[in-house]
Amino acid sequence: MSDQNRLGVFKTYKLYVGGKFPRSESGRVYEVTDSKGQWLANAPQSSRKDARDAVVAARKAFGGWSGATAYNRGQVLYRVAEMLEGRKDQFVREVAASEGLSKSKAAAVVDAAIDRWVWYAGWTDKIGQISGGANPVAGPFFNLSTPEPTGVVAVLAPRKSSLLGLVSVIAPVIATGNTAVVVASADAPLPALSLGEVLATSDVPGGVVNILSGVTAELAAPLAAHQDVNAIDLTGADPAPAKELEIAAADNLKRVLRPGPVDADWTASPGTHRLTAFLETKTVWHPTGALGAAGSSY
């Protein structure tokens, strides 16, 4: 059959929740357009029920993921980079259409996103050494501090950086043993929804990352107020409602990462501040025994 007579198969984009690909329980979709207003696809418009389901999935996955060794988490994150590398062409097309970039600039963005996964994969078994350690105390005690994951983190993805910014907010959350409920950019959700397909084939346990698309304001409020969400990243929130989200988050003492500039430079070196943003510090005291002039005894 001639290619001219062939009807192409349009992709059906779905949510990624609990390791599966459901449609929104509401049945709603919305049109996603490129930078010129041309139709690209229909994306699922998530509801509050979808957000609650995602939190349940993230909580269920937290025990196993936080209990995995840091080395194992690093292997999994590196596997994500491997799989993303294999699907680079698809992501170049989606990023170019979503952000209005040339093919070469979109390819540079995708390369940077892959490198960002590798960057955080390398930090999984090292962050404990720079954010924890032995504390000097007066008395015959060992005093040791060690970082632990906060729990379920709601993440409002950047609005303009549909892949590199997205990876930059997801990777540090899960690298440190947390699980994530991610609200993709409402204007450019397609790279995020495709990333769910990569995560599903990258040894990331179901529920560790859950990706929702839709109206950010509609999903942010229930996540900020949810009693089983332990922290929230407001990177993709508009400045006006961000204050209300912070107030809602205070009800159960969530950790809050405040929104940054809309046009943040996601190509800059990420540093470690996002790794430590969602870590708690546990300090343990242990007696060493008698300390005398003749030396220590245990």
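It should be emphasised that the depicted structure is a prediction, and the values quoted were computed from it without experimental measurement.
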ILVMFWY cluster, Ile114 and Leu101 together (side-chain gap under 4.5 Å) = yes
ILVMFWY network linking Leu84 to Phe21, side-chain heavy atoms under 4.5 angstrom = yes
Mind listing the closest non-hydrogen atom pair of Val169 and Ala157 along with its distance?
-> CG2-CA, 4.4 Å
Ignoring hydrogens and angles, state whether a donor on the side chain of Asp203 or Gln75 is under 3.5 Å from an acceptor on the partner side chain.
-> no
Thr176 (side chain) donor-acceptor with Pro172 (main chain) under 3.5 angstrom | yes
What do you reckon, is NZ of Lys103 surrounded by more than 12 foreign heavy atoms closer than 6.0 Å?
-> no
Side chains of Ser185 and Asp187: is there a donor and an acceptor less than 3.5 Å apart?
-> no
How far apart are the C-alpha atoms of Val229 and Lys254, what are their side-chain angles, what is the distance that settles it, and do they pass the side chain to side chain contact (heavy atoms under 4.5 Å, CB included) test?
-> CA-CA 7 Å; Val229 172; Lys254 289 180 181 67; 3.6 Å; yes
Begin from the C-alpha positions of Glu25 and Lys49 and carry the test salt bridge (charged side-chain N to carboxylate O under 4.0 Å, His left out) through to its verdict.
-> CA-CA 7 Å; Glu25 63 83 27; Lys49 175 65 164 55; 5.9 Å; no
Check the pair Gln45 / Ser24 against side chain to side chain donor-acceptor pair (under 3.5 Å), numbers first and verdict last.
-> CA-CA 6 Å; Gln45 185 171 335; Ser24 171; over 6 Å; no
Evaluate side chain to side chain contact (heavy atoms under 4.5 Å, CB included) for Thr12 paired with Lys14, printing each intermediate quantity in order.
-> CA-CA 6 Å; Thr12 301; Lys14 298 182 180 180; 4.1 Å; yes
Carboxylate-amine/guanidinium contact Glu246 Arg258, below 4.0 Å = yes
Give, for atom OG of Ser269 and atom CH2 of Trp119, the distance between the pair rounded to the nearest 0.5 Å.
-> 4.0 Å
CA sep, side-chain torsions, deciding dist, call: Ile211, Val17, side chain to side chain contact (heavy atoms under 4.5 Å, CB included) | CA-CA 6 Å; Ile211 300 176; Val17 177; over 6 Å; no
Name of the residue among Ile174, Thr150, Ile232, Asn230 meeting side-chain contact (heavy atoms from CB on, under 4.5 Å) with Phe278 | Thr150
Side-chain donor-acceptor contact under 3.5 Å, Arg23 with Ser46 = no
Do you see a donor-acceptor pair shorter than 3.5 Å between the side chains of Ser194 and Glu94?
-> yes
Any chance you could measure Asn42, atom CG, to Leu40, atom CG, to the nearest 0.5 Å?
-> 10.5 Å
Main-chain N/O of Phe142 paired with Thr288 side-chain donor or acceptor, under 3.5 Å = no
Would a 4.5 Å heavy-atom cut-off, applied to side chains only, mark Arg59 and Thr179 as touching?
-> no
So Arg274 and Thr235, side chain to side chain donor-acceptor pair (under 3.5 Å) or not? Walk me through it.
-> CA-CA 11 Å; Arg274 284 188 172 274; Thr235 295; 2.9 Å; yes
At what distance, to the nearest 0.5 angstrom, does OH of Tyr71 lie from CG of Asp125?
-> 8.5 Å
Among side-chain atoms of Arg79 and Ser202, is any donor-acceptor pair under 3.5 angstrom?
-> no
Using distance alone, with no hydrogens and no angle criterion, decide if Arg93 and Gln90 have a side-chain donor and acceptor under 3.5 Å apart.
-> no
Hey, could you give me the CZ/CG distance between Arg159 and Leu166, rounded to the nearest 0.5 Å?
-> 15.0 Å
To the nearest 0.5 Å, tell me how far Asn252 CG sits from Gln227 CD.
-> 4.5 Å
Taking everything shown except Lys11 itself, do over 12 heavy atoms lie less than 6.0 Å from its NZ?
-> yes
May I ask you to test the Leu257-Leu234 pair for a side-chain heavy-atom distance under 4.5 Å?
-> no
In plain terms, say whether Lys105 and Glu99 are close enough for a salt bridge, that is, a side-chain N and a carboxylate O under 4.0 Å apart.
-> no
For the student: nearest non-hydrogen atoms of Ser47 and Asp50, plus distance | N-OD2, 2.9 Å
Calculate, to the nearest 0.5 Å, the distance between atoms OG1 and NZ belonging to Thr33 and Lys36 respectively.
-> 12.5 Å
Within the side chain of Asn178, is there an N or O that forms a donor-acceptor pair under 3.5 Å with the backbone of Gly151?
-> yes
Decide yes or no on side chain to side chain contact (heavy atoms under 4.5 Å, CB included) for Val109 and Val95, but give the supporting numbers first.
-> CA-CA 8 Å; Val109 168; Val95 169; 4.1 Å; yes
Side chains of Leu279 and Lys282 in contact at under 4.5 Å (non-hydrogen atoms) = no
Take atom CZ in Arg255; do more than 12 heavy atoms of anything else shown fall under 6.0 Å from it?
-> yes
Check whether more than 12 heavy atoms from other residues, nucleotides or ligands sit under 6.0 Å from atom OH of Tyr78, and answer yes or no.
-> no
Of all the heavy-atom pairs spanning Val80 and Val198, show the shortest one and how long it is.
-> O-CG1, 3.9 Å
Determine the interplanar angle of the Trp39 and Phe10 rings, folded into 0 to 90°, and report it as parallel if under 30°, tilted if 30 to 60°, perpendicular if over 60°.
-> perpendicular
Minimum side-chain heavy-atom gap Trp117-Ile170 below 4.5 Å = yes
